Amino acid sequence: MTQAATRPTRDTDSTDILAVARQQVLERGEGLSQDQVLQALQLPDDRLEELLALAHEVRMAWCGPEVEVEGIISLKTGGCPEDCHFCSQSGQFSSPVRAAWLDIPTLVESAKQTAATGATEFCIVAAVRGPDRRVMDQVTDAVKAIREAVEINVACSLGILNQAQVDELSEIGVHRYNHN
């Protein structure tokens, strides 16, 4: 056998990462490393269906068939100083999005409407790099008012946080934090 014949091909490597992932995640309950995730993401297009099937198996094994439905509202829309090329909220683009703030009664009403649809979570988002004191104060007031008015989990997506802000959101009962 020549050395070239014994060296795994890219296609064999692709098969191996899915086999490794299946054993590691489903059988041993261990997450994939960053390198392993990159290998899975670099699979050729003709392997996508197999990758998606494995992802579905993992979801069913670890999370089951339930799906959590979340409603989202923007506390502060538009005028973000960041230049995320995919986002119309950026102040770097000329888009029809205009900077606007929502008041607390509007946020509470939106949370009530979200709960009425059967959603279990209401997410407050803001187009900011990270929240300043004004945003944190408004979020704190909103979360308290929502929790008093309706039974729904509250999540936030407010950009980059420092540890004090993480602790503050946790203390007021924010259920989950999302970040792009």
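All values derive from a computational prediction rather than experimental measurement. Excluded from the calculations below are hydrogen atoms, water molecules and symmetry mates; all remaining heavy atoms, backbone and side chain alike, are included.
T114 contributes atom OG1, which lies 9.5 Å from atom CD of E70 (distance to the nearest 0.5 angstrom). Between H56 atom NE2 and L51 atom CG the span is 13.5 Å, to the nearest 0.5 Å. Atom CD1 of I17 and atom CG of D35 lie 9.5 Å apart (nearest 0.5 Å). Between the CD atom of E30 and the CD atom of Q36 there is a distance of 9.0 Å, given to the nearest 0.5 Å. The line from CD1 of I72 to CD1 of I124 is 11.5 Å long, rounded to the nearest 0.5 Å. With rounding to the nearest 0.5 Å, the separation of CD in Q138 from CZ in R133 is 12.0 Å.
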Q. Should L32 and Q39 be marked as a side-chain contact (heavy atoms from CB on, under 4.5 Å) after you check the CA-CA gap, both sets of side-chain angles, and the distance that decides it?
A. CA-CA 10 Å; L32 299 178; Q39 286 178 17; over 6 Å; no

Q: I would like to know whether T120 and V69 meet side-chain contact (heavy atoms from CB on, under 4.5 Å); could you show each step before the answer?
A: CA-CA 6 Å; T120 57; V69 177; 5.6 Å; no

Q: Please report the C-alpha distance between T140 and D137 in whole Å, then the side-chain angles of each, then the deciding distance to 0.1 Å, and finally whether the side-chain hydrogen bond (donor to acceptor under 3.5 Å, both in side chains) criterion is met.
A: CA-CA 5 Å; T140 297; D137 288 345; 5.4 Å; no

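Looking only at atom types and distance, the side chain of D167 has a donor-acceptor partner in the side chain of Q163 under 3.5 Å away.
Contact annotation: the side chain of L161 approaches that of Y177 to within less than 4.5 Å [non-hydrogen atoms, C-beta and beyond]. Side-chain contact between R176 and N153 is absent, with no heavy-atom pair separated by less than 4.5 Å.
Hydrophobic clustering, with ILVMFWY side chains joined whenever heavy atoms are under 4.5 angstrom apart, keeps L169 apart from I160. No chain of hydrophobic side-chain contacts below 4.5 Å, direct or via other Ile, Leu, Val, Met, Phe, Trp or Tyr residues, connects L52 to M60. Taken together through direct or relayed side-chain contacts under 4.5 Å among Ile, Leu, Val, Met, Phe, Trp and Tyr, V166 and V174 form part of one hydrophobic cluster.
Closest heavy-atom contact between R59 and P65: NH2-O, 3.3 Å. The two residues A149 and K112 make their nearest non-hydrogen contact at CB-CE, 3.8 Å. For R47 against L43, the heavy-atom pair with the smallest separation is CB-CB, 4.1 Å. The shortest non-hydrogen separation linking I172 to V143 is O-CG1, 3.5 Å. Residues F122 and L107 come closest through the heavy atom pair CZ-O, 3.7 Å. Considering every non-hydrogen atom in both C123 and N178, the closest pair reads SG-ND2, 3.4 Å.
Between E168 and K144 there is no salt bridge, since no side-chain nitrogen of the basic residue lies less than 4.0 Å from a carboxylate oxygen of the acidic one. Between R22 and E27 there is no salt bridge, since no side-chain nitrogen of the basic residue lies less than 4.0 Å from a carboxylate oxygen of the acidic one.
Side-chain atoms of S110 come within 3.5 Å of backbone atoms of T106 as a donor-acceptor pair (strictly under, hydrogens ignored). Under the 3.5 Å distance criterion, the side-chain polar atoms of Q24 are matched with a main-chain donor or acceptor of G31. In this structure, the side chain of S157 does not engage the main chain of V125 through any donor-acceptor pair within 3.5 Å. Checked by atom type and distance alone, the side chain of Q165 pairs as donor or acceptor with a backbone atom of P131 at under 3.5 Å.
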